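What follows is a set of notes on a single structure, which appears directly below.
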Amino acid sequence: MPRITLPDGKVLEFPQAVTGQKIAETIGPGLAKRAIGVKIDGTEILDLARPLANDCTVKIITAKDDDPDALFLLRHSAAHVLAEAVCALYPGTRLAYGPPVDEGFFYDLKTPAPISEADFPAIEAKMQEIIAANRPFLRCEYTPAEGLQRTAGDIYKTDNAERALAKGSSNLSFYVTGTPGQDWEDLCMGPHVPSTGWLKASKVMAVAGAYWHGDQNSDQLTRIYGTCFADEKALKAHLNRLEESKRRNHRKLGKEMDLFHIEEDNPGQVFWHPRGWSIYVALQDYMRQKQRLSGYVEVHTPSVMARSLWETSGHWDKYRENMFTTESEKRDFAIKPMNCPGHLLIFKQGLKSYRDLPMRIAEFGSCCRNEASGALHGIMRVRGFVQDDGHILCTDAQVESEVAGFCRMLTEVYADFGFGIDRIAVKLATRPAQRIGDDATWDRTEKALGDAVVAAGLKYTLSPGEGAFYGPKLEFTLVDAIGRGWQCGTIQLDPNLPGKDRFDATYVAEDGSRKNCVMLHRATLGSLERFIGILIEHFEGKFPLWLAPEQVRMLPISDDQLPYARQIRDRLVAAGMRATIDEKPDMLGAKVREARLARVNYFAVVGGKELEAGAVALQNQAGEKLGTLSVDDFVAKMLTEIAEKRLPASMTGAKG
RNA sequence: GCCGAUGUAGCUCAGUGGUAGAGCAACGCUUUCGUAAAGCGUAGGUCGUGGGUUCGAGUCCCACCAUCGGCUCCA
């Protein structure tokens, strides 16, 4: 006699086991019509047709685009419809694995022939056919023996079944779309929507390779991505967001704005053009200043270091295939992939006292990593890059306050780019299975990192088992203007590298004994290349004035005003600004158009009237006319905006 | 590295085995103009690279390189 508690606290009693469908009908016919599943006790999602025998709380899930549970159900079910369509079109297809993911779902399949985008229309047509037939999703349960018999001969599904049983399932469930024994079925734990008719707003998105269980040495499968929403409107909005991402693509804007290029013969390394480099320099100057004010000392260490040093650090053993190596006079060298060994070598020069700690060492360290060719991605993922790297050498007791200090600096920095607290997601990666150090130390250090995050006014979520083998770490993800996440900052505790077996970085403690320090690896922006890529997409190329490659363009109306325009340009440049003149004989309309398309922040029109008055007529990139200003006021206005690092009104940090 | 797709002028793109094209940009001349495109003209290409098939290849086949979307990895 189950007692069903509803979200509003109301309790329904039923004489025997009851389905979600029945509960929905009891509440009201309108709800029953829109119901697609139930959520039990706030955790487990079940089919509407599953009988509930025990007391529980039940949320009826309806097909809504703002409910993650509804999207989960719709997408999981849409994955089945996709797989069924592919099986129907390409006989011999074998199924591997088809879960919902963040933006939709995928299904990994082994197809008899390669699938390409050209196949999408046929697949979508078949899916719509299955959807139009509105066949029910029927759950069929079998004993383990019966179930394994049904998957016999199919290595992927047998493997899935065995895993399910190993995890403690007492039976194996299959889902049939339609009539058992007649229609398509798939081993699946569920849950699903009641019938295929709910899946009208589905779309096949992409095809890609994937490994069985993500294992490179295992079978290569075909992964087909799709998405599904509760209605067409949300699907359309999703497709628009993808278009928006394309419009903001840093490779496209980088070319359009003449910021950088990558040579085809030299993959993974960036050639920064003057305009791109000005952003780079502005960013680096900014971080240099921030770090100086946060008690860092800046250093510079060699790009190429001897094998023996990489052996001490452990990189020669563990990181070799990611390093570019070279040799000279029969000695091996490697281009540095990280800056930590160099910083430890600087620390080790001379005798350090506990009074010298914490020592915060920063470097804009130019690193090279031999990334797999397929991993390269514009300037976001390259083989040569510069990190705003830093290492804090300190005592155990100083870890928490150092991490808190870092978090404070990081939130200040991110806020200057428009990433307020609500746009920063923090993950605490905790002890992995393979690790060094005792549990008491892990307990203490994980807590220290977590407390430090909270002390900086941030919240965090746990990433269990994702820490390094030597210590826990924090990862900071920024949420950009269109809601995408980018992991940038990190701070990681490392007692290993400064330890006795590695660089043996010691200090003289209060009691005169020698003790090893611990080290915090940390970066705020991550790689400057990648961070600029993120900023290009975040700002859609419309940088705030302090970062912009071309802050002001003078637009003389005719050649008569050229000397005057040059005078103003020279004054702006002398004040440290990036200002140019459009000296072409074009008409003003054309000059304005070009300046706007080039994403110049401000353009100052000077014609006869302005020359006469010693003024400029100002307009900004957005096309707003800002009136006529005296040259003095104009320069002051620009310098103020730069000094304040002012952001566009739409980018001040709150989520849009 | 693996799977799939793509690669034609500086850029965006057309070109289904028969003389390599357009728009924009560039350059020249004319125009000196008031807030998103003045007019006319000129030049620009070993069609990613290398092989092959063919009387003939941008187009068909093979290999390689790079890029894009994923996988793996990661800042």
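Predicted, not measured: the structure shown is a model, and the values here were computed from it. A note on names: the letters A, B, ... follow the listed sequences, proteins ahead of strands, and every chain is numbered from 1.
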| When rounded to the nearest Å, what value does the distance between C1' atoms of B:rC47 and B:rU16 take? | 16 Å

So which protein N/O to nucleotides 37-42 of chain B N/O distances come out below 3.5 Å?
residue: B:rA37; atom: N7; partner: A:R593; partner atom: NE; Å: 3.3
residue: B:rA37; atom: N7; partner: A:R593; partner atom: NH2; Å: 3.4
residue: B:rA37; atom: N6; partner: A:R593; partner atom: NH2; Å: 2.8
residue: B:rA37; atom: N1; partner: A:R593; partner atom: NH1; Å: 3.4
residue: B:rA37; atom: N3; partner: A:R593; partner atom: NH1; Å: 3.4

| field | By side-chain hydrogen bond (donor to acceptor under 3.5 Å, both in side chains) - contacts of A:K203 (at least two apart) | value | none

Throw together a table of side-chain donor-acceptor distances under 3.5 angstrom for residues 368-376 of chain A, partners on residues two or more places apart or in other chains.
residue: A:R369; atom: NE; partner: A:P337; partner atom: O; Å: 2.9
residue: A:R369; atom: NH2; partner: A:P337; partner atom: O; Å: 3.1
residue: A:E371; atom: OE1; partner: A:R381; partner atom: NH2; Å: 2.8

| What is the minimum heavy-atom distance between A:C340 and A:M519, and which atoms define it? | CB-CE, 3.8 Å

| message | Are A:F417 and A:F543 an aromatic pair, judged by ring center distance below 6.0 Å? | response | no

| task | Work out which heavy atom in A:I482 is nearest to a heavy atom in A:S245; give both atom names and the distance. | result | CD1-OG, 3.6 Å

| query | Which atom pair, heavy atoms only, marks the closest approach of A:G467 to A:A429? | reply | N-CB, 3.6 Å

Got a list of side-chain donor-acceptor pairs under 3.5 Å for residues 86-103 of chain A, not counting sequence neighbours?
residue: A:Y90; atom: OH; partner: A:D119; partner atom: OD1; Å: 3.0
residue: A:T93; atom: OG1; partner: A:Y90; partner atom: O; Å: 2.6

| said: Between B:rC68 and A:R251, counting only base atoms on the nucleotide and side-chain atoms on the residue, is there a donor-acceptor pair under 3.5 Å? | reply: no

| remark: A:R383 atom CZ is separated from B:rA66 atom P, nearest whole Å, by 7 Å

| field | Ring centers of A:F419, A:H538 separated by less than 6.0 Å | value | yes

| message | Using 30° and 60° as the class boundaries, would you call the ring planes of A:F260 and A:H250 parallel, tilted or perpendicular? | response | tilted

| field | Student check: side-chain heavy atoms of A:F603 and A:N620 closer than 4.5 Å | value | no

| How long is the line joining NE2 of A:H377 and P of B:rU72, in whole Å? | 16 Å

| query | Do A:T301 and A:K336 meet the criterion of a side-chain donor-acceptor pair at a distance under 3.5 Å? | reply | yes

| task | Verify whether one side chain among A:Q487 and A:T477 offers a donor that lies under 3.5 Å from an acceptor in the other. | result | no

| request: Rounded off to whole Å, could you give me the CZ-to-C1' distance for the A:F531 and B:rC74 pair? | output: 18 Å

| request: State which residues pass side-chain hydrogen bond (donor to acceptor under 3.5 Å, both in side chains) with A:D108; sequence neighbours excluded, sorted by chain then number. | output: A:R223

| query | So, A:E412 and A:R408, do they make that salt bridge, N to O below 4.0 Å? | reply | no

| said: How many whole angstroms separate atom CD of A:E263 from atom P of B:rU67? | reply: 11 Å

| In whole angstrom, what separates A:E583's CD from B:rU32's P? | 18 Å

| request: Check the distance between B:rC65's P and A:L376's CG and give it to me in whole angstrom. | output: 13 Å

| task | Scan residues 482-490 of chain A against RNA chain B and write down, sorted by residue number, each residue with any heavy atom closer than 4.0 Å; if none is found, say none. | result | A:Q487, A:C488

| query | Stacking between A:Y225 and the base of B:rG70 (centre distance under 5.5 Å, interplanar angle under 30°)? | reply | no

| field | Heavy-atom closest contact (A:N339 atom, A:S366 atom, distance) | value | OD1-N, 4.4 Å

| Between A:H76 and A:F105, is the ring centre distance below 6.0 Å? | no

| query | What is the distance, rounded to the nearest whole Å, between atom CD of A:Q492 and atom C1' of B:rC74? | reply | 12 Å

| Can you list, by residue number, the residues of residues 552-565 of chain A that have a non-hydrogen atom closer than 4.0 angstrom to RNA chain B? | A:I557, A:S558, A:D559

Kindly give the atom pairs (protein nitrogen or oxygen, nucleotide nitrogen or oxygen) under 3.5 Å for nucleotides 3-11 of chain B.
residue: B:rC3; atom: O4'; partner: A:Q220; partner atom: NE2; Å: 3.1
residue: B:rC3; atom: O2; partner: A:G209; partner atom: N; Å: 2.9

| note | Taking for A:V382 and for A:G268 the nucleotide of RNA chain B with the nearest heavy atom, the one nearer the 5' end belongs to A:G268

| query | C1' atom, B:rA20 versus B:rC29: distance in rounded Å? | reply | 29 Å

| request: Would you mind classifying the nucleic acid contact of A:R223 as base, sugar-phosphate or nothing, using non-hydrogen atoms under 4.0 angstrom? | output: sugar-phosphate

| field | Interatomic distance, A:D108 CG vs B:rU72 C1' [rounded to whole Å] | value | 13 Å

| For A:Q434, which residues count as a side chain to side chain contact (heavy atoms under 4.5 Å, CB included) partner, sequence neighbours excluded? | none

| query | If pairs are Watson-Crick or G-U with both distances under 3.5 Å, what is the dot-bracket string of RNA chain B, marking crossing pairs with [ ] and pairs to another strand with |? | reply | (((((((..((((....[..)))).(((((.......))))).....(((((..]....))))))))))))....

| said: Below 4.0 angstrom, which residues in residues 609-626 of chain A have at least one non-hydrogen atom near RNA chain B? | reply: A:K609, A:E610, A:A617, A:Q619, A:K625

| request: Name the residue closer to the 5' end of RNA chain B, choosing between A:Y319 and A:A206 according to the nucleotide with the nearest heavy atom. | output: A:A206

| request: Considering non-hydrogen atoms only, spot the tightest contact between A:T227 and A:L235 and give its length. | output: CG2-CD1, 3.7 Å

| message | Tell me whether the rings of A:W277 and A:W272 are parallel (<30°), tilted (30 to 60°) or perpendicular (>60°). | response | tilted

| field | Contacts of type ring pair (Phe, Tyr, Trp, His ring centres under 6.0 Å), residue A:F385, not counting sequence neighbours | value | none

| message | Could you check whether the side chain of A:E475 and the base of B:rA75 have a donor-acceptor pair of N or O atoms closer than 3.5 Å, going by distance alone? | response | no

